[in-house]
Structure formats: structure tokens, C-alpha cells
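Data block below; observations after.
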Number of protein chains: 2
Amino acid sequence: MALPNGPVTTSSEAEAALFDLVDVYDRAYEAAAAKLSLSPAQACVLGRLDERRGMGALAEELGCDASNITQIVARLEALGLVTREPNPRDRRARLVARTPRGDETNHRFATAFTFARTAVGRLSPDEQDQLTALLRKALG
Amino acid sequence: MALPNGPVTTSSEAEAALFDLVDVYDRAYEAAAAKLSLSPAQACVLGRLDERRGMGALAEELGCDASNITQIVARLEALGLVTREPNPRDRRARLVARTPRGDETNHRFATAFTFARTAVGRLSPDEQDQLTALLRKALG
DNA sequence: CCCCGTTACTTGAGTGAATCAAGGATCATT
DNA sequence: AATGATCCTTGATTCACTCAAGTAACGGGG
């Protein structure tokens, strides 16, 4: 279990609530991935492959080094969840795509990661809109 | 940069907002720690040492294995940010405490991690209360 | 057509988080 | 005094992540 990105000084109620949310969210994500024997990073990459795409595109979207993606995709490939086909238009590049088993695993992950769904579901539609507006404003 | 605990399927606006919040929060936490050459885990442990405490207490609070804490505290100790004194009441146990430099580093981290403060600061006091109430309700 | 800089990805080395299994030391109880 | 539990450490392993360096292929200018 990853250590929480905890509050240093809890100056306000709202800040504490934000921290609690982030902590619970992260733990739930990790737990859902673990249920499928995936690391959070693997689940994340798998979830970005609704359409096949290149390694570089993944790296840029996820904000990490390309060599990091190489490793994670290699593990997903070894698990049979992903293929890494050559790009016919550019022989330097690879196109990563989920296999049928990858699709199924991704779907099972989406089902297992209930936290966001459940949390939002505790709010009425009006409250959901309020929350969205407040979060958007807070994010600046 | 840690991969985001991204949305698998973005079914609602509110869920997407939650994900964005978590992602930005985590990245800001990591960036603040990196500014002080600390890992997120190190910053986290350092932040829990306002009072001296045992390794086991840390492990339990942070929800991880004791041996994980052993490593992190060892690195903090090597950095001169923490001491690991024997507990006079129980010679098996160790009491971990921040050094003066650890106090200063922790304070600088708290200053550098502006995200939660800034985000909440974009809201009026009323809005802050609303956000807190909504998050608490969503967390169940 | 060939050089050349750029791009796409891989490889290797290194750090650190995290978990598990096993072990040593000490405590606390019988 | 023996036993079992508790506190922590050590060792082994896996994985994420980063950086530096390398390979292969694209694409444009001479």
C-alpha cells in the first residue's frame, strides 16, 4: 500500500476533506488493481488503450519517461493483455493495443474500481453538479 | 512522476472532476517533495513526526509493513532529518523524532505544498463549507 | 542520392517503495 | 525459568521511475 500523500498541517476542514478524498481514492484504485494482480501503473496504462496508440503518445499523456512506458507495456504484453505491433507507416514506432483478454481485464478493473462511482452516487444530481462546479473552481 | 490513477471510463462530470483533483493533488505533492530532494514517502513520514513515535505506530497509521518504515526512516536518518533513539521503557522499540533540520525541512515542505491551500483559497468561506459537506457526504 | 539532425523506442544502470519471510532481541505471562 | 507474543531489522524480490546512451528509421537540404 502506497503511503498517503498526507496533510502536513491541516489548516482547514476543507483541506482535510480534500486529503481524505485523495487518500481513499488512491487506496481504492490500488486495491482494485491488486484484485486483478495488476499494479496501479499497469491498470492505468491498460485503461488508456481504448484505441491503439504509440508508446510516445502514452508517455506524453501520462507525463513520464518513454522508457517507463516501455517497461510497463512489456509486462502487460507478458501477461497477454496487450500487443505491440509495428506501425506500418513508421517502422520506428510501435502501436500498442489491448488484446481481448486485455479488454476483459480492463472491464473487470472498471467494475472493481467502484470508489468514484459510489462516492458520486451518494450525492443527489444537484449536489453532483455543485461538487463538480466547486472542484472546477478550486482547480482554477 | 507517478502515473495517474486515471479514470477508466469517465461516466459523469463529477467523477471526472474527482479524478482531476486527485491527479493534480498527487502531482503537486510529489513536486513539492522533489523540490526538497525527498520522495513522497519520505515527506509523508517526516510530516507525521510532530511528536516522536515508534516505528510500529508509524506503520499502522500509514497502513504499510513495518519493514517499509524501517527503510524510509533509515534514509531520513541518513539525511540527518530524523533520529532513532532507543525507547527507555522498551528496549525492543525505537522512538523516531525529527531533528532541527528535519523540522525545518518539514516546514519548507509544508510551504512548498501549496496545492490544497491554493485550491481551497479559490473558494469563498461558504463555498468551502459546501465543499467540505459534499466531500464528507460522498465519502460516506 | 547521401548526409544529418530528429524522432521513436529500447537498454542498462541506479534509486527507492513496497511486500514477504525469517530472524534476533526483548517483553510479559504463566 | 520457559513460552509466546511483540518490535523491529535483514534479505530477497518485484516493480516504478529516471537518466544516459544507444539503435533504427524518418525526413529534409545539399
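Below, chains carry the letters A, B, ... as their sequence lines are ordered, and counting in each starts from 1. Side chains included, hydrogens not; waters and symmetry mates left out as well; all remaining heavy atoms used.
Distance, Q42(B) CD to dG16(C) P: 7 Å, rounded to whole Å. Look at CZ on R91(B): it is 16 Å from P on dT9(D), rounded to the nearest Å. In this structure, CG of L58(B) is placed 19 Å from P of dT6(D), rounded to the nearest angstrom. Between R89(A) atom CZ and dA8(C) atom C1' the separation is 17 Å, expressed in whole Å. We find that CG of D65(A) is positioned 16 Å from P of dG12(C), with the value rounded to whole Å. Rounding to whole angstrom units, CD1 of residue I72(A) and P of dT10(C) are separated by 12 Å. Here dA16(D) presents its C1' atom at 13 Å from CG of L76(A), a figure rounded to the nearest Å. Remark: P of dA25(D) and CZ of R94(A) are 11 Å apart, rounded to the nearest angstrom.
Among the nucleotides dA20(D), dC26(D), dC17(D), the one closest to the side chain of S67(A) is dA20(D). The D90(A) side chain lies nearest to dA25(D) when the options are dA16(D), dA25(D), dA5(D). For A66(B), whose side chain is taken as the heavy atoms from C-beta onward, the closest listed nucleotide among dT10(C), dC17(D), dT9(D) is dT9(D). Among dC26(D), dA16(D), dA12(D), the nucleotide with an atom closest to any side-chain atom of Q71(B) is dA12(D).
Ring to ring, Y25(B) and Y25(A) are not that close: their centroids are 6.0 angstrom or more apart. With ring centers used as reference points, F115(B) lies 6.0 Å or more from Y29(B).
The existence of a salt bridge linking E61(B) and R48(B) is confirmed by a sub-4.0 Å separation between a basic side-chain nitrogen and an acidic carboxylate oxygen.
At the phosphate of dC8(D), neither OP1 nor OP2 sits under 4.0 Å from any side-chain N or O atom of R84(B). Contact annotation: T70(B) side-chain N/O to dC8(D) OP1/OP2 distance is not under 4.0 Å.
Between the side chains of S67(A) and D65(A), at least one donor N or O sits under 3.5 Å from an acceptor N or O.
Residue side chain R92(B) reaches the base of dT6(D) through a donor-acceptor N/O pair under 3.5 Å, judged by distance alone.
Within 4.0 Å (heavy atoms only), S39(A) reaches sugar-phosphate atoms of the nucleic acid but no base atom.
Partner of V82(B) under the side chain to side chain contact (heavy atoms under 4.5 Å, CB included) criterion, out of L76(B), T99(B), T105(B): L76(B) alone.
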